[in-house]
Amino acid sequence: MLYKSTRNSKKEVSAAKAIVKGISDDGGLFVPCSLPKISLDDLNMLKDKNYIERAVFILSKFLTDFTEQEIIDCVKGAYSNIKFSSKDIAKVLKLDEQIYMLELWHGPTCAFKDMALQLLPHLMKVSMKKQADGKQIAILVATSGDTGKAALEGFKNVEGTNIIVFYPQDGVSLMQKLQMVTQLGDNVDVCAIKGNFDDAQNGVKAIFTDSVIIDELFKNNVLFSSANSINWGRLVPQIVYYFSAYCDILKKFDITLGEEVNVVVPTGNFGNILSAYYGKKMGLPIKTFICASNKNNILTDFINTGIYDKNRSFYQTISPSMDILISSNLERLLYDIYDSDEAIKKLYSDLAKYGKFTIDDNVKFKIKSQFYGGFCDDGQTKKTICHIFKKYKYLCDTHTAVAVSVYNDYKKETGDETKTIIASTASPYKFTKDVLSSISGKTDCDDFAQLDELSKMTDTTAPKQLLNLKDAKIRFKNAIDKDDMKNYVLQKFTSK
Ligand SMILES: *Cc1c(COP(=O)(O)O)cnc(C)c1O
């Protein structure tokens, strides 16, 4: 299995190379040259396996330059029961005759990013041995809140790596911020940016393709890589849990082999929903992808009109991990449908020049026939948290609530009764303040008192990792202008 860049189809690299590099030098993203097929017989076989066995089976199809033993070691290192609080790893819960919640937040940082970022450092270590032996890797991360912590936790004290996380100073929840600035480990750094997530992401992308910095670091024996979902190593672990969820429903609940399901994903950078799309292309029976956005509804507009236009206001919402205007992984979907690097180069040069692009009608039609796009604002998000809690005694976080709300709209609009998997992407306790006020109207106590209050009110337990933040020492206080990111990185890696 080889990988090519969305902006240069002629360039083919191994999985290890794609993972070490993170992004292609031409600015494109690495995608598999073809997608492996998983048959219904395979699914039937996988239904009796555990998460680790399912992951090894799927990953072996993609990481053909890894040995079987390397893959087993990586997967076992990532998904042990010491790190995940549910033995299912990705846990499926049935809410009613149609809705299954796929809980992806039982990892160490309480958000779905752990599903990929517990595995990526293991994949990176093996890939480095194959592709960059003796080099140091500098991981740069732009985060809207959850990726940063998950990447820090995954890469802390991983030999041969250094990680810097940039987060928007006023754009993350208190719990998210505390999780990051108290991070332990000798190879980690966290820095606030005076700007929003897109500023942080653009800054990081610019550094990755800046030949002056790349050369300077190279002289110091350092290579850049990415832990954002532009890295193929972030996406491939996410394909696994859609297969796993289908197998669990097949085994424990009530679908028949081959029966189609819908998938609903609260979407930001488009990585999670794209993984489900790849799953479908590999053979997973999925009918419709429901792409749920918050008030930053650029994807809703795109799916409905075929025009991607970032010339619009950026809103800070109570689902901050989806506060994004440039959804990087959309490029991979467009490449898959256009099957032309020239077309992608044109679209993305339009985006750089005019802040927008328009896709061809036939591409628009293909997207519309598989994707439904919808959004909701903060008020509706809060109402949904309250409604779902009252109706099912199920507590969901602010991001997952956006997905539920958009799914309800979809059902009203289409009358579709197909069984549906909703990706539940974070623990409600990561967003305690807004979750608590949604169900009780309360906002008067301090943040840690709110954890207790939410726990008592809903008869659920707060994750200890979050409770422990109360007494954790703050290690990182840097805050810089977005234009200073390059210097910050240069200084850090050339003064050593
Ligand atoms: C990152 C994140 C999302 C968005 O996922 P993408 O793969 O970026 O689309 C949604 N919810 C939560 C809680 C997240 O952390």
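A18 pairs by the side chain to side chain contact (heavy atoms under 4.5 Å, CB included) definition with Y3, V13, F30, not counting sequence neighbours. Applying the side chain to side chain contact (heavy atoms under 4.5 Å, CB included) rule to A245 yields the partners V92, L102, I421; only residues at least two apart in sequence or on another chain are considered. Judged as a side chain to side chain contact (heavy atoms under 4.5 Å, CB included), and not counting sequence neighbours, the contacts of M45 are K49, F57. Listed by chain and number, the residues in a side chain to side chain contact (heavy atoms under 4.5 Å, CB included) with T64 are M1 (sequence neighbours excluded). Under the rule for a salt bridge (Lys or Arg N to Asp or Glu O under 4.0 Å), K76 has no partner lying at least two apart in sequence or in another chain.
The side-chain hydrogen bond (donor to acceptor under 3.5 Å, both in side chains) pairs that include a residue from residues 294-306 are N294-N296, N294-T317, N294-S319, N294-D323, N296-D323, N297-R312, D301-R312, where partners are two or more places apart or lie in different chains. Here salt bridge (Lys or Arg N to Asp or Glu O under 4.0 Å) pairs that include residues 137-152, with residues two or more places apart or in two chains, are D146-K430, K149-E153. Sorted by first then second residue, the ring-ring contact (aromatic ring centres under 6.0 Å, His included) pairs that include residues 65-85, not counting sequence neighbours, are Y51-Y79, Y79-F84. Residue pairs meeting the salt bridge (Lys or Arg N to Asp or Glu O under 4.0 Å) criterion with at least one partner in residues 229-251, sequence neighbours excluded, are D48-K251, R54-D248. Sorted by first and then second residue, the ring-ring contact (aromatic ring centres under 6.0 Å, His included) pairs with a member in residues 92-116 read Y100-F253; sequence neighbours excluded.
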Carefully, step by step, assess E413 and Y372 under the rule side-chain hydrogen bond (donor to acceptor under 3.5 Å, both in side chains).
-> CA-CA 11 Å; E413 212 174 295; Y372 171 92; 3.0 Å; yes
Please lay out, stage by stage, how S328 and K205 fare under the test side-chain hydrogen bond (donor to acceptor under 3.5 Å, both in side chains).
-> CA-CA 11 Å; S328 301; K205 276 189 190 166; 3.3 Å; yes
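Ring geometry, F357 versus Y348: the interplanar angle falls from 30° to 60°, so the pair is classed tilted.
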Under 3.5 Å, sequence neighbours excluded: what are the donor-acceptor pairs made by side chains of residues 383-391?
{"unit_1": "T384", "atom_1": "OG1", "unit_2": "Q380", "atom_2": "O", "d": "2.7"}

Residues 114-121, side-chain donor-acceptor partners within the protein, below 3.5 Å, at least two apart:
{"unit_1": "D114", "atom_1": "OD1", "unit_2": "T109", "atom_2": "OG1", "d": "2.9"}
{"unit_1": "D114", "atom_1": "OD2", "unit_2": "T109", "atom_2": "N", "d": "2.6"}
{"unit_1": "D114", "atom_1": "OD2", "unit_2": "T109", "atom_2": "OG1", "d": "3.0"}
{"unit_1": "D114", "atom_1": "OD2", "unit_2": "C110", "atom_2": "N", "d": "3.4"}
{"unit_1": "Q118", "atom_1": "OE1", "unit_2": "K83", "atom_2": "NZ", "d": "3.4"}

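Side-chain contact, T161 with N187: a donor N or O sits under 3.5 Å from an acceptor N or O.
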